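Below is one structure, written out as structure tokens, with a few remarks after it.
Computed from a predicted structure; not experimentally measured.
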Amino acid sequence: MVTGAASGIGFATGVELLKAGHTVYFTDRNPTDLARIAAPLRERAHAVILDLKHLADMRAATKDILARHGSIDILVNNAGITIKGADGKPQGFLDATEEQFFEIMRINSLALMQMTQLVLPGMMQKRWGRIVNVASLAGRSKSIVSGPLYMMSKASVLGLTRATAAEMGPHGITCNAVAPGRILSAMTENAAPGVNDGYAAQIPVRRIGDPIEVASGIAYLCGEHAGFTNGAVIDINGGFFMS
Ligand SMILES: NC(=O)c1ccc[n+]([C@@H]2O[C@H](COP(=O)([O-])OP(=O)(O)OC[C@H]3O[C@@H](n4cnc5c(N)ncnc54)[C@H](O)[C@@H]3O)[C@@H](O)[C@H]2O)c1
């Protein structure tokens with residue numbers, strides 16, 4: 001089950017998991033165009049409208065998948081949003097409001113915790129599970145463009161990842177995070193002129209990333225042989241930030 005899978009990193013992740021042989025539920029608040037997936041793989045692809053604003057909808061979606069398939073073995077918490085200032089530019093710290101704080105934390109943090117809570121009982125019963133959370137370079141280090149609320153929300157994803165990994169490891173469940181740097185997706189392709197080029201000039205590989213380059217890292221973490229990787233953060237940023 002992949003959240004925010006209609007586009008960008010989430011869609012690419014769904015396709016990578018199909019290639020690995022899994023049945024994949026592409027969930028998103030927007031419809032997912034499964035026709036973009038090659039025919040043989042498409043047979044194992046399902047699209048579900050799921051808005052992570054509503055716990056009842058998350059419950060219904062996971063219940064439905066469990067009823068059809070018996071288990072949800074892999075959860076990729078990918079969906080995320082940014083908050084811009086009124087002029088569309090990165091927001092200053094003093095402009096952040098309580099309303100915006102709750103809006104971004106609901107989707108970028110709380111929904112990940114709730115989705116994780118919904119899949120864990122089944123994984124614990126099966127004694128196998130893989131959870132991958134999509135954090136961000138903005139939560140590992142800093143963001144030039146995304147603003148304080150996004151940085152706060154993505155830092156919380158790293159804490160959620162470690163909490164889940166520590167408590168669930170004994171149950172055969174791993175939880176890891178990826179922290180992408182600048183990736184070309186719907187979230188970034190409409191940036192102000194020069195922003196992506198300016199970013200690329202500061203990245204050692206001199207370009208911004210492609211969703212597939214994050215999706216392949218996520219797919220690795222979902223694999224059987226990633227079982228000893230737990231509570232880790234994989235930085236996928238072209239060398240912009242090295243820890
Ligand atoms: N693109 C980047 O440079 C970049 C960098 C670091 C981290 N990320 C993170 O990667 C993840 C994927 O982003 P992307 O770059 O592929 O952008 P994207 O905009 O292409 O994909 C995000 C998806 O999340 C969905 N979504 C948003 N709110 C939702 C909600 N309430 N319920 C369900 N779905 C919802 C959107 O419809 C969209 O399909 C996000 O968590 C983002 O914060 C992106």
Side-chain angles (χ1 to χ4, degrees), residues 1-5 9-10 12-25 27 52 58 62 65-66 69-80 105 107-141 151-181 183 209 211-237 239-243:
M1 185 173 186
V2 184
T3 69
I9 294 167
T13 298
V15 173
E16 285 305 290
L17 293 175
L18 288 170
K19 286 185 197 160
H22 300 289
T23 296
V24 179
Y25 276 74
T27 76
L52 298 168
M58 292 182 231
T62 49
I65 299 173
L66 286 170
H69 300 277
S71 64
I72 297 172
D73 300 327
I74 293 171
L75 170 67
V76 181
N77 278 315
N78 163 75
M105 291 303 275
I107 303 306
N108 289 9
S109 186
L110 177 62
L112 281 71
M113 181 189 88
Q114 291 175 324
M115 283 300 304
T116 302
Q117 287 175 326
L118 286 167
V119 300
L120 279 177
M123 289 179 175
M124 289 167 80
Q125 206 175 10
K126 205 169 167 181
R127 298 203 54 77
W128 199 94
R130 295 279 184 268
I131 299 169
V132 181
N133 296 324
V134 180
S136 172
L137 171 64
R140 286 278 276 163
S141 171
M151 284 174 66
M152 290 161 70
S153 72
K154 289 299 185 176
S156 83
V157 174
L158 303 177
L160 169 73
T161 302
R162 288 191 280 265
T164 312
E167 195 171 329
M168 290 299 146
H171 297 278
I173 301 162
T174 65
C175 182
N176 295 286
V178 292
I183 306 294
I212 184 72
E213 293 173 308
V214 181
S216 57
I218 296 173
Y220 162 72
L221 292 170
C222 294
E224 184 63 37
H225 292 130
F228 202 52
T229 306
N230 190 28
V233 184
I234 300 187
D235 291 307
I236 304 175
N237 58 41
F240 184 73
F241 167 74
M242 305 182 201
S243 60

**Message:** For a 4.5 angstrom cut-off between non-hydrogen side-chain atoms, does E16 reach I212?
**Reply:** yes
By ring pair (Phe, Tyr, Trp, His ring centres under 6.0 Å), Y220 pairs with (sequence neighbours left out) none
Sequence neighbours excluded, the answer for side chain to side chain contact (heavy atoms under 4.5 Å, CB included) partners of L66 is I72
Closest non-hydrogen atoms of N108 and S153, given as atom of the first, atom of the second and distance, are ND2-OG, 3.1 Å
Heavy atoms of A219 and L17 approach each other most closely as CA-CD2, 4.3 Å
Nearest heavy-atom contact between A135 and V157 is CB-CG1, 3.8 Å
Quiz item: Can T62 and M115 be said to form a side chain to side chain contact (heavy atoms under 4.5 Å, CB included), step by step?
Solution: CA-CA 8 Å; T62 49; M115 283 300 304; 3.9 Å; yes
Contacts of S136 meeting side-chain hydrogen bond (donor to acceptor under 3.5 Å, both in side chains) (sequence neighbours excluded), chain-then-number -> none
Here the pair of heavy atoms bringing S156 nearest to S109 is OG-OG, 2.8 Å
The side-chain hydrogen bond (donor to acceptor under 3.5 Å, both in side chains) partners of E213 (sequence neighbours excluded) come to R207
Taken to the nearest 0.5 Å, the spacing of N237 CG from L137 CG works out to 5.5 Å
Nearest heavy-atom contact between V76 and C222 is CG2-SG, 4.1 Å
Please table the atom pairs, donor to acceptor, closer than 3.5 Å between any side-chain atom in residues 228-235 and protein atoms at least two apart or in another chain.
| residue | atom | partner | partner atom | Å |
| --- | --- | --- | --- | --- |
| N230 | OD1 | C175 | N | 2.9 |
| N230 | ND2 | A165 | O | 3.1 |
| D235 | OD1 | R140 | NE | 2.9 |
| D235 | OD2 | R140 | NH2 | 2.7 |

Taking every heavy atom of T116 against every heavy atom of L112, the minimum-distance pair comes out as OG1-O, 2.6 Å
Applying side chain to side chain contact (heavy atoms under 4.5 Å, CB included) to M113 and not counting sequence neighbours gives L110, Q117, L160
Interatomic distance, CD1@I74 vs OG1@T13, rounded to 0.5 Å, equals 11.0 Å
- Is there a side chain to side chain contact (heavy atoms under 4.5 Å, CB included) between I218 and V2 once you walk through the steps? CA-CA 11 Å; I218 296 173; V2 184; over 6 Å; no
Contacts under 3.5 angstrom, residues 120-132 side chains, donor-acceptor by atom type, not counting sequence neighbours:
| residue | atom | partner | partner atom | Å |
| --- | --- | --- | --- | --- |
| K126 | NZ | S71 | OG | 3.2 |
| K126 | NZ | D73 | OD1 | 2.9 |
| K126 | NZ | D73 | OD2 | 3.1 |
| R127 | NH2 | P170 | O | 2.8 |
| W128 | NE1 | E224 | OE1 | 3.2 |
| R130 | NE | G223 | O | 2.9 |
| R130 | NH2 | G223 | O | 3.2 |
| R130 | NH2 | E224 | O | 3.1 |

Applying side chain to side chain contact (heavy atoms under 4.5 Å, CB included) to I107 and not counting sequence neighbours gives L52, K53, I81
With sequence neighbours left out, the residues meeting ring pair (Phe, Tyr, Trp, His ring centres under 6.0 Å) with H171 are none
Those residues at least two apart in sequence (or on a different chain) that pass side-chain hydrogen bond (donor to acceptor under 3.5 Å, both in side chains) with N133 are N77, T161
Hits for side-chain hydrogen bond (donor to acceptor under 3.5 Å, both in side chains) against S141, two or more places apart or cross-chain, chain-then-number order -> none
